[in-house]
Amino acid sequence: MVLTVEGLKKSFGAISALSDGRLSLMPGRVTALIGENGAGKSTLVKILTGIYQPDAGSLRLDGVERVFAAPQVAQAAGISAVHQETVMFDDLSVAENICAGHWPCHTRGWRKGMIDWTALLAQAQAVLDRLGVSLPLQARCGDLSIAQKHLVEMARALCHESRVLIMDEPTAALSHREIADLYRLVRHLKTQGIAILFISHKFDEIFEIADDYVVMRDGAFVAEGQIADTTTDALVAMMVGRAMGAIFPKRSVPIGAPILEVRGLSHPTEFEDVSFTVHAGEILGFYGLVGAGRSEVMQALFGLTPVSGGEISLDGQTLRVNSPKDAIAAGIAYVPEDRQGQGAILPMSIRDNITLPLLERITGGWLLSPKNEGAIAETFARRLAVKAPDWHCRVDTLSGGNQQKVVIGKWLATTPRVIILDEPTKGIDVGSKAKVHDFMSDLVAEGLAVILVSSELPEVMGMADRIVVMQEGRPYGSFERADFATNPAQGAAMLARAATGG
Amino acid sequence: MRRDFILAGVILGLALLIGWRAPVFLTLATLDDIATDTAILAMMALAQMLVILTRGIDLSVAAMLAFCGMAAALVGQALPELPVGLLLILGPAVGLGLGAINGAFVAWLNVPPIVVTLASMSLYRGATFLLSGGLWVSSHDMPAAFREFPTERLFGLTHLVWLALLAVLLAYGVLRYSRFGRSIYTYGGNPSAARYVGIASKRVLFSVYAISGAVAGLCGALWVGRYGIAFTDAAQGFELQIIAACVIGGVSIAGGIGTVLGCLLGVIFLGIIGNALPIMAISPFWQMLIFGAVILAAVTINRQKGRAAKIILRPKTAEGG
């Protein structure tokens, strides 16, 4: 046992991200950490690597109680991590990147304190030898392929005599051949007695490379065991677990005529041949892993991304969407996933934010109409119960939840026919989630068509009338509510397999 | 709003302080002088504010001023019979073209504004030199009407002051009551969200640089008439005063924040300092230093706080898996 943690707790304000983190890693073995988005995996990893300090719990390295007050301390203790997005200094050389932060210096003579290039290259080469790979040491890192950058990341992680290596979705951006190379590398590291924590959403990878597994759900440890003794279905059941039983405010609404029809929509690189239909009063779920191309499809529908082919029609009329302006005019609204980056204009007032997509419609010309604007802002801010002294308040003075309401109000004010909600409950607490779900039911009851993009199985299964599963840019299948709702456990396993290709 | 009150208070206090040391400062004649002197700064600062609101900057304004002023002066010299109105329109017309070049580079070729206008600052200065062959056009070479127009009086105030007041009203109206103004604030506040609500960002960007050029052109014609001289180095370094006025007035360099009132107060503040120092018989060697120190102090006191955006529904931490 190299590293053992027990009872780790971490909360941020009122939100508990981790209530019971438990894990033990053994030298020469690969442990898969499995859980849905929001299960607390990242928080656990950040505690292990010293980025966060736990509120409670114990962390033992070789049986000795340790506190990692800073990332450097964890690193010095032999724990390294390769993160999902590579952190690179693109303009430095491979060797400099591998030894980033602790470049060897001359210790005497007139060059004292300056970088010792001979030692630097030797040190980097030694790490690469240990990994069993070869890379051009003097090449500029920005010129490498993504797979090669991953190698540099791993070499950097191993630069400090690591004994524990954490890999957070390392295969996300790799091709099949590159993944095979990665597996070889992982096996090579195992023979050197390094303990590896492997985080992945893809079951085929987990069964290929891992020896043990740990399942987490809602911030807590659920189960652990040996991969050889389990199956995909059993893992999915543990991942999704009792969350399946959670009550969703799903109301049965008569499903009306088709509103939005998409035929063979394609994009040069992100997605291909996507077809679906949404009806009035229907919630269409889009499920898939991060990077499956769901958001990209929605952005194309909204005119943010150009498409290379396909047809979109609204109420039977062919629609040409070249810009968000066209989409808004046609009655499509898109509430983006990154609400801060793409949603609110923080230094502007509530009123001005809400009326933004409407200005052309309610003014007709160059001049604004404060009266119309005020009336519309009033209507929608009230409807969403935005808490603010008045509608002239700047949005950056509001709480996060109220900012979110302003963003949704902005899109509702366009009186859309179709509203696309991209990960609407990502990162919000349970109470607010229920409100968002309830609100979705209100929308379909009014005859709107709702497209719900979500990475959380219970959410799509709880709310959607139909689910389209996407995998690597292609729609993998479409499932009716009867297919997944009658037996949630089986349904979950079916959807998870469709999304991961497992 | 509160920041504006503070700045207004500081201005008032400063005026009284200066008036106490040099009573001549608080006479109507002096105030009229200051207003006429700062009118051009006011117009230029308002136009600059539009650019800064879109997260940009226009460093080429003083060079555009010099070029357009030279163009108007040369035409006036060659065709003395031309009505003064045409000469005054020539300035902004030429400026619109110069500003449009800046705007095209920024909006459609995606070159950072500071780079574009730094280059065009030099470019337009050079063009002024070529246009004039390095020669001056002095007051007796210009039509008398052209020279007199800026300081001629209407209802007691000079044309310059009237034009500045007109610019204030226009800027206020556009920023507060027009779709274009709202688009400027939207783009400056969050360019990517602006895209999501269907704002034609490129057109907005192009327009603010074109407007900045046109205003610089008008000011160029007025400047040359007022000072009775056109030369290559006219208004050298003036862009820094213009930008300083905006920043003192609370226009955020990060874009999206700033009001006409604030900008105007910034202009008045600089106008008072610039005129008070010579009146108080402070040595020119000290004036520049004091000027810089005062700008630094004003900006430090008046800096934007709390722009560290709040996280919307994504507690930066609870993202979990």
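In the text below, chain A, chain B and the rest are named by the order of the sequence lines, each starting its count at 1. All values derive from a computational prediction rather than experimental measurement.
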Engineer: In terms of heavy-atom contacts, does CD1 of B/Ile114 have more than 12 from other residues, nucleotides or ligands at under 6.0 Å?
Structural biologist: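 Open.
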
Engineer: Any chance CZ of B/Phe206 has more than 12 other-residue heavy atoms, nucleotides or ligands included, within less than 6.0 Å?
Structural biologist: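 Above 12, so yes.
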
Engineer: Would you mind writing out the side-chain donor-acceptor pairs for residues 180-189 of chain B within the sub-3.5 Å range, not counting sequence neighbours?
Structural biologist:
from     : atom 1 : to       : atom 2 : distance (Å)
B/Arg182 : NH1    : A/Asp352 : OD1    : 3.4
B/Arg182 : NH1    : A/Glu373 : OE1    : 2.8
B/Arg182 : NH2    : A/Asp352 : OD1    : 3.4
B/Arg182 : NH2    : A/Glu373 : OE1    : 3.3
B/Arg182 : NH2    : A/Glu373 : OE2    : 3.3
B/Ser183 : OG     : B/Arg179 : O      : 2.8
B/Tyr185 : OH     : B/Gly258 : O      : 2.5
B/Thr186 : OG1    : B/Arg182 : O      : 2.7

Engineer: Are A/Pro370 and B/Tyr177 packed together at the side-chain level, in the sense that at least one heavy-atom pair is separated by less than 4.5 angstrom?
Structural biologist: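 Yes, their side chains come closer than 4.5 Å.
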
Engineer: Which is it for A/Gln299 and B/Tyr196 under the side-chain contact (heavy atoms from CB on, under 4.5 Å) test, yes or no, and what are the steps along the way?
Structural biologist: CA-CA 10 Å; A/Gln299 282 165 3; B/Tyr196 275 76; 3.6 Å; yes

Engineer: Over all heavy atoms of both residues, which pair between B/Val197 and A/Ile328 is shortest? Give the atoms and the distance, please.
Structural biologist: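 That closest heavy-atom pairing would be O-CD1, 3.5 Å.
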
Engineer: In terms of heavy-atom pairs under 4.5 Å with chain B, which of A/Ile345, A/Leu33, A/Asp326 leads?
Structural biologist: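 Result: the option with the highest number of such pairs is A/Ile345.
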
Engineer: Tell me the closest heavy-atom pair linking B/Gly198 and A/Lys325, and the distance in Å.
Structural biologist: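 Looking at all heavy atoms of both residues, the shortest contact is O-CD, 3.6 Å.
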
Engineer: Against chain B, label A/Thr355 side chain, backbone, both or neither, depending on which of its atoms sit under 4.5 Å from a heavy atom there.
Structural biologist: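 Just its side chain gets close to chain B.
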
Engineer: What closest approach, in Å, do B/Ala193 and A/Gly343 show between heavy atoms, and which atom pair accounts for it?
Structural biologist: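 Smallest interatomic distance, heavy atoms only, reads CB-O, 3.4 Å.
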
Engineer: Can you list the steps and then say if B/Ile257 with A/Arg394 is a side-chain contact (heavy atoms from CB on, under 4.5 Å)?
Structural biologist: CA-CA 11 Å; B/Ile257 301 176; A/Arg394 261 169 58 162; 3.9 Å; yes

Engineer: Heavy-atom cut-off 4.5 Å, strictly under: side chain, backbone, both or neither for A/Lys10 against chain B?
Structural biologist: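 Neither part, no heavy atoms under 4.5 Å.
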
